[in-house]
Amino acid sequence: MRLTTSRKWIGRKWRPRLATVVVAILIMVMALPLVGLFFFRLYENQLIRQTEAELIAQGAAIAAIYAQDVRDAGIAPDKLGAPMPQANVGASRSANPGRSIDPDYRPIEPRLDLASDYVLPTRPAAEAATADPAFAAIGARLSGILDATQKTTLAGFRLLDPKGVVIAGRNEVGQSLGEVEEVREALAGRYASALRLRIPDQPTPPLYSVSRGTKVRVFVALPVAVDGRVVGVVYVSRTPNNIVKHLYGERGKVTLAAIAILGGTLLIGLVFLRTVSRPIYALIDRTQRIAAGDRDAIRPLDHHGTYEMAELSAAFLDMAEKLQARSDSIQTFATHVSHELKSPLTAIQGAAELLRDSGSAMDDAERRRFSNNIVTDAGRLNLLVRRLLELARAENRGPSGESTSIAAVLALLPVDNRLAVRVEAGGDLTLRISAENGAIVLANLFDNSARHGATQVSVTAANAQGRATILVDDDGAGISPSNRARIFEPFFTTRRDSGGTGMGLGIVLALLKAHDGTIRLVDSERGTRFEINLPVV
């Protein structure tokens with residue numbers, strides 16, 4: 001009934017099965033490398049910034065050469081472009097407030113961000129136009145420099161005149177790029193950069209689908225200034241380096257790494273299954289069998305897996321053994337109780353029925369005899385009930401944390417004229433038990449000795465490694481060998497006719513167990529000797 005109630009209570013809330021949790025963890029382990037590829041965007045963004053910085057440096061060098069050639073050519077001012085905005089100088093100063101900057105310095109920092117910048121469409125095609133002959137001549141002289149530079153840097157260079165017409169660069173000389181957004185900004189004297197979708201010259205590898213950076217090309221437009229006016233634009237572009245390209249080049253090693261990850265994950269799952277999952281399910285099955293009454297199930301598991309699981313299994317089996325022993329003890333105890341109570345109850349019932357049915361025909365002596373029998377058996381019942389309550393209290397009484405000595409315990413006991421009690425040694429030894437409980441233990445032992453004909457009892461105590469060994473000796477009749485194994489059983493007594501209940505030593509045993517103590521019968525040359533073991537303070 002309780003098991004069914006517990007299962008209903010557990011079923012109120014959804015909980016994942018252990019196998020589900022394990023599979024989820026394994027999937028996460030396998031997914032971590034794939035998820036890590038998406039974090040490459042941070043690295044890709046750095047690569048784009050690096051590419052922009054390199055293009056700025058290359059473009060600045062070409063712009064300086066182009067500006068010098070314009071000065072040397074002596075081109076008329078009316079052929080130059082728009083004036084350079086003065087805000088550029090102010091911006092440079094405000095960017096470095098603690099430093100004096102020459103107005104001719106215009107540092108440019110990379111500003112592209114793959115995560116936030118909008119990726120523009122591919123660059124618009126150049127339009128037909130006519131370049132100024134003076135600028136076209138300069139472009140022709142610089143074409144060789146641009147071609148040689150492109151072979152080393154892999155960047156695409158376009159040199160534009162003040163109207164945006166290409167005067168140097170492959171395939172587009174004499175065509176206008178003035179309508180391109182970043183070029184318009186540069187022709188107005190402002191630096192501009194952009195991310196644009198690139199036109200691939202070969203099929204994209206499948207692995208590139210996880211990367212955004214492989215699909216873009218960085219474009220940088222630097223205005224070229226002479227005497228404060230725009231004389232042209234250096235338009236540079238390049239596809240940034242990408243880590244995915246490197247991974248694709250090492251696809252054989254990446255495949256081996258994936259196989260290693262998969263194998264490692266399966267190995268983790270196998271280890272987890274063998275060391276955790278299987279022992280848990282075996283323990284659950286063992287629990288269900290024990291609950292169904294299978295005594296053979298109270299045995300260690302075939303495989304524990306881990307130290308903690310072995311400890312859990314041992315604790316569970318220990319609990320199961322104790323519960324089984326308690327169940328057997330309760331069953332045996334109930335049988336003994338019913339037997340012990342049945343005899344006096346039967347005698348009382350019989351005497352009462354005789355008095356009821358034949359009491360008028362009896363003389364006073366007979367009625368008195370039957371009445372005395374009823375009183376005697378009722379007194380025995382009362383004694384049995386009282387001893388049962390004492391046994392129950394002893395079994396449920398836990399350590400109180402108090403301490404006492406043998407001398408203090410003896411001082412609580414009433415004077416018994418039947419016995420002479422003598423403390424041989426260790427009377428002041430401090431025991432981890434309360435004086436009240438200690439008095440119950442010794443009182444039952446002394447009463448047992450007196451009822452077996454003892455006249456003297458000696459008590460000896462000694463301390464050994466934090467525990468006290470207490471010997472209680474008497475000079476009584478002793479215990480026969482046939483009865484030695486049963487003296488601690490409830491209701492076992494050899495003095496039933498004289499009113500013995502057989503529960504005194506059971507109360508002593510239960511009380512000592514509650515205080516982490518033990519008691520046993522040891523051999524003695526004369527009388528009876530009990531050895532008590534208790535922790536000391």
Side-chain angles (χ1 to χ4, degrees), residues 1-47 113-116 119 204-215 242-292 294 297-320:
M1 181 64 182
R2 290 183 178 178
L3 181 60
T4 304
T5 304
S6 299
R7 289 186 180 276
K8 289 181 179 178
W9 180 82
I10 291 174
R12 291 177 183 175
K13 182 179 180 181
W14 181 85
R15 294 176 178 84
R17 297 179 64 87
L18 180 61
T20 305
V21 175
V22 173
V23 171
I25 292 175
L26 295 180
I27 292 176
M28 290 177 62
V29 170
M30 289 191 295
L32 281 177
L34 298 178
V35 174
L37 292 176
F38 290 95
F39 286 94
F40 287 160
R41 290 191 177 185
L42 299 175
Y43 181 71
E44 288 177 335
N45 193 66
Q46 183 62 29
L47 290 177
D113 192 332
L114 183 63
S116 59
V119 179
T204 302
L207 190 61
Y208 273 31
S209 59
V210 300
S211 171
R212 186 184 177 201
T214 56
K215 301 176 182 179
N242 194 275
I243 192 171
V244 181
K245 181 178 180 180
H246 174 73
L247 290 178
Y248 183 76
E250 300 290 340
R251 55 188 177 275
K253 296 179 181 179
V254 171
T255 303
L256 291 178
I259 294 174
I261 292 171
L262 180 61
T265 303
L266 294 177
L267 180 61
I268 293 173
L270 179 63
V271 171
F272 197 92
L273 176 67
R274 181 163 179 79
T275 59
V276 178
S277 182
R278 279 181 55 187
I280 287 178
Y281 284 119
L283 194 59
I284 292 173
D285 177 69
R286 194 66 56 85
T287 304
Q288 294 172 345
R289 290 171 56 191
I290 292 174
D294 186 0
I298 305 179
R299 57 183 176 81
L301 299 178
D302 297 331
H303 176 73
H304 291 101
T306 62
Y307 173 80
E308 291 77 9
M309 185 57 64
E311 287 288 309
L312 176 62
S313 176
F316 166 76
L317 292 178
D318 182 59
M319 179 189 68

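Note that the structure is predicted; figures quoted are calculated from it, not measured.
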Here the gap from L262 atom CG to L266 atom CG, rounded to the nearest 0.5 Å, amounts to 4.5 Å
Distance, nearest 0.5 Å, that separates CZ of F316 from OG1 of T287: 3.5 Å
Any donor-acceptor pair under 3.5 Å linking the side chain of R299 with the backbone of L317? no
What are the two closest heavy atoms between A320 and I290, and how far apart are they? CB-CD1, 4.1 Å
Can you sort out the partners of L256 under side-chain contact (heavy atoms from CB on, under 4.5 Å), two or more places apart, ordered by chain and number? none
